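What follows is a set of notes on a single structure, which appears directly below.
Please read all numbers here as calculations on a predicted model, not as lab measurements. One is the number of the first residue; the rest follow in order along the sequence.
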Amino acid sequence: MNILSVKNLTYIYNEDMEDEVTALSGVSFDVEEGEFIALVGANGSGKSTLARLLNGLREPSSGEVLVRGIPTTDRDRIFEVRSTVGVVFQNPDNQMVATIIEDDIAFGPENLGVEPAEIDRRVDWALECVGMKEHRKGTPFRLSGGQKQRIAIAGVLAIKPRVLVLDESTAMLDPRGKKEVMDTIERIREREGMTVIMITHFPEEAARADRVIALDKGRIVIDEPARRALSGVERLRSYGLDAPLPARVAYELRRRGMPLEGEIISAEELKEALWRLK
């Protein structure tokens, strides 16, 4: 069942002005409940614009986004849309609204009119989901980058969305912080069956997804299972994108005559393919 449908979506900045810019043009795709989609593309491809359209933070110039059949332009049902699709942005500091972690996480459900007792339960649940329950009474400003981003994710989880959109949420983190956030996302998916749309520049993160959608100049150029999409090194390069390192190594070995089999995107798959040549 589709939880989200994007239909012939176009978005134009500065519309009807001399300096108008078309960020998205004729974009269409469906998202099934429980899917993990990696949305990739070079700078300026329209990824972040799309993230803001998915829960009604922006309205399309034409086309539509449907969240469980509800148009994001339906202002009478916008709370329902934003309760279903939660967005986590790149810089966690920009999402902090309180000096105490539990107050920060409670902010979203409070604004949706959730009862106090239920808010308390949600704060506990969200912190447990991201592995930060012991920090409930602390301040977010003393945390590491990865911990802050996990708190930002908890703040969105407290709204109880069914779709979690992550807009380059690991871009500012060191390798340890990236791993913390990615492990948190996978744990949430396993426990809650949540749908995840992750915008990323990092091919190794995209390799964790079920499906990859690639944008180029505001249009979809790839929409395939992750293994097929990320093993196509030359095609990705043509759109200014990198394949995961194991895929690039396999590509270079094949160019040198080594007959490696299969669509290789992980170190384990590369190891197994090399082992089969013995």
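- No side-chain heavy atom of F89 sits less than 4.5 Å from a side-chain heavy atom of N94.
- In this structure a side-chain-to-backbone donor-acceptor pair under 3.5 Å is present from T195 to G34.
- The cluster map of Ile, Leu, Val, Met, Phe, Trp and Tyr, joined by side-chain heavy atoms under 4.5 Å apart, puts I70 and V165 in the same cluster.
- Around OH of Y13, the count of heavy atoms belonging to other residues, nucleotides or ligands within 6.0 Å exceeds 12.
- Using a distance-only test at 3.5 Å, with no hydrogens or angles considered, a donor-acceptor pair links the side chain of S28 to the main chain of N8.
- Nearest heavy-atom pair, I12 versus S61, reported as atom, atom and distance to 0.1 Å: N-OG, 2.8 Å.
- If you take CG on D19 and CG on N14, they are separated by 4.5 Å, rounding to the nearest 0.5 Å.
- The neighbour count for F107 CZ, taken as heavy atoms of other residues, nucleotides or ligands under 6.0 Å away, does not exceed 12.
- Taking CG of L39 as the start and CE of M198 as the end, the distance is 10.0 Å to the nearest 0.5 Å.
- In terms of hydrophobic clustering, with Ile, Leu, Val, Met, Phe, Trp and Tyr side chains grouped at heavy-atom distances under 4.5 Å, F141 and I105 are assigned to a common cluster.
- The shortest heavy-atom contact between D104 and I151 is OD2-CG2, 4.4 Å.
- Side-chain atoms of H201 and N43 include a donor-acceptor pair closer than 3.5 Å.
- S25 places no side-chain N or O within 3.5 Å of a backbone atom of R219 that could act as its donor or acceptor partner.
- Within a 6.0 Å sphere centred on CD of E134, other residues, nucleotides and ligands contribute more than 12 heavy atoms.
- Counting all heavy atoms, side chain and backbone alike, L53 lies closest to P60 at CD2-N, 3.6 Å.
- Expressed to the nearest 0.5 Å, how far CD1 of I101 lies from NZ of K148 amounts to 10.5 Å.
- Remark: side-chain polar atoms of Q149 are paired, donor with acceptor, to backbone N or O of S169 under 3.5 angstrom.
- With hydrophobic clusters built from ILVMFWY side chains whose heavy atoms lie under 4.5 angstrom apart, L4 shares a cluster with L215.
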Would I222 and L236 count as a side-chain contact (heavy atoms from CB on, under 4.5 Å) if you check the C-alpha gap in whole Å, the side-chain angles of each, and the deciding distance to 0.1 Å?
CA-CA 9 Å; I222 298 172; L236 288 169; 4.0 Å; yes
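- Using a distance-only test at 3.5 Å, with no hydrogens or angles considered, a donor-acceptor pair links the side chain of S144 to the main chain of Q147.
- Taken from NZ in K160 to OG in S83, the straight-line distance is 12.5 Å, to the nearest 0.5 Å.
- For the pair I153/L166, a side-chain contact is recorded, criterion being any heavy-atom separation below 4.5 Å from C-beta on.
- In this structure, the separation between CD on Q90 and CD on E168 is 5.5 Å, given to the nearest 0.5 Å.
- Side-chain contact check for L270 versus L260: some heavy-atom pair is nearer than 4.5 Å.
- Listed here is the closest heavy atom pair of P92 and G145: CG-O, 4.4 Å.
- Under the 4.0 Å criterion applied to side-chain N and carboxylate O atoms, R121 and E118 are assigned as salt-bridge partners.
- Taking 4.0 Å as the cut-off between side-chain N and carboxylate O, R211 and E32 do not count as a salt-bridged pair.
- Under a hydrophobic-cluster definition in which Ile, Leu, Val, Met, Phe, Trp and Tyr are linked whenever side-chain heavy atoms come within less than 4.5 Å, directly or via other members, L143 and V181 are assigned to the same cluster.
- T10 contributes atom OG1, which lies 12.5 Å from atom CD of E64 (distance to the nearest 0.5 angstrom).
- One finds no salt bridge joining D167 and K47 here, because no Lys/Arg side-chain nitrogen approaches an Asp/Glu carboxylate oxygen to under 4.0 Å.
- Judged purely by atom type and a 3.5 angstrom limit, T200 has no side-chain atom pairing as donor or acceptor with the backbone of E205.
- E33 and R68 are joined by a salt bridge, as a carboxylate oxygen and a charged side-chain nitrogen come within less than 4.0 angstrom of each other.
- Classification of R75 and E59 as a salt-bridged pair holds, one side-chain N sitting under 4.0 Å from a carboxylate O.
- Contact annotation: the side chain of L66 approaches that of P71 to within less than 4.5 Å [non-hydrogen atoms, C-beta and beyond].
- Residue E261 qualifies as open at atom CD: its count of foreign heavy atoms under 6.0 Å is 12 or below.
- Under the 3.5 Å distance criterion, the side-chain polar atoms of N55 are matched with a main-chain donor or acceptor of V85.
- Put simply, the side chain of E102 never gets that close to the backbone of D124: no donor and acceptor are under 3.5 Å apart.
- Contact check for I213 versus I197: no side-chain heavy atoms found under the 4.5 Å cut-off.
- Look at R136 and D120 and you find a salt bridge, because one of the NZ, NE, NH1 or NH2 atoms lies within 4.0 Å of a carboxylate O, short of that distance.
- Looking only at side-chain heavy atoms (C-beta outward), I119 and E110 come within less than 4.5 Å of each other.
- In summary, the side chains of S45 and D216 do not present any donor paired with an acceptor at a separation below 3.5 Å, with no hydrogens or angles considered.
- In terms of heavy-atom proximity, F79 sits nearest to N111 at CZ-O, 4.3 Å.
- The pair R189-E186 does not count as a salt bridge, with every side-chain nitrogen at least 4.0 angstrom from each carboxylate oxygen.
- Connection of L230 to F29 is not established within any shared hydrophobic cluster, with ILVMFWY side chains joined at heavy-atom distances below 4.5 Å, either directly or through further cluster members.
- Ion pair R248/E252 not flagged as a salt bridge, since none of the NZ, NE, NH1 or NH2 atoms sits closer than 4.0 Å to an Asp/Glu carboxylate oxygen.
- Side-chain contact check for V163 versus L54: every heavy-atom pair is 4.5 Å or farther apart.
- Between the R162 side chain and the G193 main chain, a donor and an acceptor come within less than 3.5 Å of each other.
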Apply side-chain contact (heavy atoms from CB on, under 4.5 Å) to D74 and V81, showing your working.
CA-CA 9 Å; D74 186 342; V81 167; over 6 Å; no
Evaluate the side-chain contact (heavy atoms from CB on, under 4.5 Å) criterion for residues R77 and V67: first the C-alpha distance (whole Å), next the side-chain angles of each, then the deciding distance (0.1 Å), finally the verdict.
CA-CA 10 Å; R77 302 183 72 182; V67 176; over 6 Å; no
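- Counting all heavy atoms, side chain and backbone alike, V233 lies closest to A243 at CG2-CB, 3.8 Å.
- For R191, the CZ atom sits in a packed shell: over 12 heavy atoms of surrounding residues, nucleotides or ligands are nearer than 6.0 Å.
- A distance-only check finds no donor-acceptor pair linking the side chain of T184 to the backbone of R150 [under 3.5 Å].
- The side-chain heavy atoms of L157 and M194, taken from C-beta on, include a pair separated by under 4.5 Å.
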